[in-house]
Amino acid sequence: MPKKNVNRAYFSLPTHIDLVSQACDGHFVTSAIAKISQGNLLQDANQFTSKLHFDNCTFAQGSAYYAERWTIIKSAGDSITALLTFGQVLHSVQDFYAHSNWVELHVNHSPIPLWDLNEATLPNGIVSGTWSVGFPKKCGNGAPSHEILNKDNPDTESGSIIVHAGPNAGSSLFQLAYASALAHSQMEVRRFEEVIHALGLEDGVLP
């Protein structure tokens, strides 16, 4: 499958699926990728639980949720449960880069480093956008809103910002967030492959 230009992608539902497709291409059979995509899409049905999307500075809660999802995957007795849950994992880690200021804090690095999902390694000044309908709300006073901070597409206030100096000069913050989300998704895919092998669930999942 040819890779898509990041300029065409959005962190809307189609873009989450685009990220899944690119990260999973060649690693899983088509039907397995469809199940991973389904789990990814279903995550957006819940906009009220901030940790699912790393909104409202719920970094500790989001990290715990990530670990919980992996616990479910590692104990899955069937491939469907593992695939759907893995889709949820990918959605959350993809949203981290679009909904926080991680990219802005690391803009002088190329490539942008990936977070290890350990709250203790978060840099000073990390924040994610406040989302009015999401709970819990863990940001301090003065945190930017989701509308201001999100890099969900190239046209948002933050997503459209072009870096003018340093190793990422010429790239938009959206492009950097997208590239980081893809790289992290690819890392999670490699881990998932190993778990599938360990569980003996290769049939109907791996090529």
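Just so it is clear, the model here is predicted, and its values are computed rather than measured.
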Just distance, no hydrogens or angles: give the donor-acceptor pairs under 3.5 Å from side chains in residues 123-130, sequence neighbours left out.
{"residue": "Ser128", "atom": "OG", "partner": "Phe54", "partner atom": "O", "Å": "2.8"}
{"residue": "Ser128", "atom": "OG", "partner": "Asn56", "partner atom": "N", "Å": "3.4"}
{"residue": "Ser128", "atom": "OG", "partner": "Cys57", "partner atom": "N", "Å": "2.6"}
{"residue": "Thr130", "atom": "OG1", "partner": "Pro144", "partner atom": "O", "Å": "3.4"}

Which side-chain N or O atoms in residues 77-90 pair as donor and acceptor under 3.5 Å with protein atoms at least two apart or in another chain?
{"residue": "Asp78", "atom": "OD1", "partner": "Thr81", "partner atom": "OG1", "Å": "3.0"}
{"residue": "Asp78", "atom": "OD2", "partner": "Ile80", "partner atom": "N", "Å": "3.2"}
{"residue": "Asp78", "atom": "OD2", "partner": "Thr81", "partner atom": "N", "Å": "2.8"}
{"residue": "Asp78", "atom": "OD2", "partner": "Thr81", "partner atom": "OG1", "Å": "3.0"}
{"residue": "Thr85", "atom": "OG1", "partner": "Thr81", "partner atom": "O", "Å": "2.7"}
{"residue": "Gln88", "atom": "OE1", "partner": "Arg69", "partner atom": "NH1", "Å": "2.8"}

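Residue Gln38 is tested with Leu42, Asn40, Leu41 for a side-chain contact (heavy atoms from CB on, under 4.5 Å); the sole match is Leu42.
A distance of 11.5 Å separates CD of Gln175 from OG of Ser160, quoted to the nearest 0.5 Å. Here CD of Glu188 is found 11.0 Å from SG of Cys24. Values are rounded to the nearest 0.5 Å. Rounding to the nearest 0.5 Å gives a distance of 7.5 Å between CD of Gln61 and CD of Glu119. Note that the CZ atom of Phe59 and the CG atom of Leu122 stand 6.5 Å from one another [nearest 0.5 Å]. Atom-to-atom distance recorded for Leu114:CG and His106:NE2 is 10.0 Å, nearest 0.5 angstrom.
Remark: the backbone N or O of Leu117 is paired with a side-chain donor or acceptor of Ser63 at under 3.5 angstrom. The backbone N or O of Ile17 lies less than 3.5 Å from no partner atom in the side chain of Ser37, so there is not a single donor-acceptor pair.
Linking ILVMFWY side-chain heavy atoms closer than 4.5 Å, directly or via other members, places Ile36 and Leu206 in a single hydrophobic cluster. Two different hydrophobic clusters hold Val205 and Val29 under the rule that ILVMFWY side chains link at heavy-atom gaps under 4.5 Å. Ile161 and Ile148 end up in different hydrophobic clusters when Ile, Leu, Val, Met, Phe, Trp and Tyr side chains are linked at under 4.5 Å. Placement of Leu176 and Leu149 in two distinct hydrophobic clusters is found when ILVMFWY residues are connected by side-chain heavy-atom separations under 4.5 Å, directly or transitively. A single hydrophobic cluster is seen to contain both Ile33 and Ile73, as judged by linkage of ILVMFWY side chains at heavy-atom distances under 4.5 Å, directly or through other members.
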- Item | Criterion side chain to side chain contact (heavy atoms under 4.5 Å, CB included) on Val189 and Phe28, from CA distance to verdict | CA-CA 9 Å; Val189 162; Phe28 309 112; 3.7 Å; yes
- Query: Which is it for Ile112 and Asn168 under the side chain to side chain contact (heavy atoms under 4.5 Å, CB included) test, yes or no, and what are the steps along the way?
  - Reply: CA-CA 9 Å; Ile112 300 293; Asn168 293 303; 3.9 Å; yes
- Item | Audit row: Trp115, Ser100, side chain to side chain contact (heavy atoms under 4.5 Å, CB included) steps and yes/no | CA-CA 12 Å; Trp115 184 35; Ser100 75; over 6 Å; no
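If you check the side chains of Gln43 and Ser92, you find a donor sitting under 3.5 Å from an acceptor. A donor-acceptor contact closer than 3.5 angstrom links the side chains of Asn46 and Thr49. Between the side chains of His184 and Gln94, no donor N or O sits under 3.5 Å from an acceptor N or O.
Between Tyr178 and Phe174, the angle of the ring planes lies from 30° to 60°, which puts this pair in the tilted group.
Pairs passing the salt bridge (Lys or Arg N to Asp or Glu O under 4.0 Å) check and including a residue from residues 96-117, sequence neighbours excluded, read Glu104-Lys151.
Glu147 CD: 12 or fewer foreign heavy atoms inside a 6.0 Å radius. Shown here is Asn118, whose CG atom has more than 12 heavy atoms of other residues, nucleotides or ligands within 6.0 Å.
Taking Ile, Leu, Val, Met, Phe, Trp and Tyr as hydrophobic and joining them when side-chain heavy atoms fall under 4.5 Å apart, one finds Ile162 isolated, its cluster having no other members. In the hydrophobic clustering, where aliphatic and aromatic side chains (Ile, Leu, Val, Met, Phe, Trp, Tyr) are joined below 4.5 Å either directly or transitively, Val133 groups with Phe48, Trp131.
Inter-residue side-chain proximity for Thr58 and Pro136 is flagged as met; some heavy-atom pair is nearer than 4.5 Å.
The two residues Ala98 and Asp152 make their nearest non-hydrogen contact at CB-OD1, 3.5 Å. The two atoms that bring Ser50 and Gly134 nearest to each other are OG-C, 3.1 Å, heavy atoms only. Across Tyr97 and Ser180, no two heavy atoms sit closer than the pair CD2-CB, 3.6 Å. The two residues Asp55 and His99 make their nearest non-hydrogen contact at OD1-ND1, 2.8 Å. Shortest non-hydrogen contact noted between Gly26 and Pro207 is O-CG, 3.9 Å.
Under the ring-ring contact (aromatic ring centres under 6.0 Å, His included) criterion, His91 pairs with His16, His53, sequence neighbours left out.
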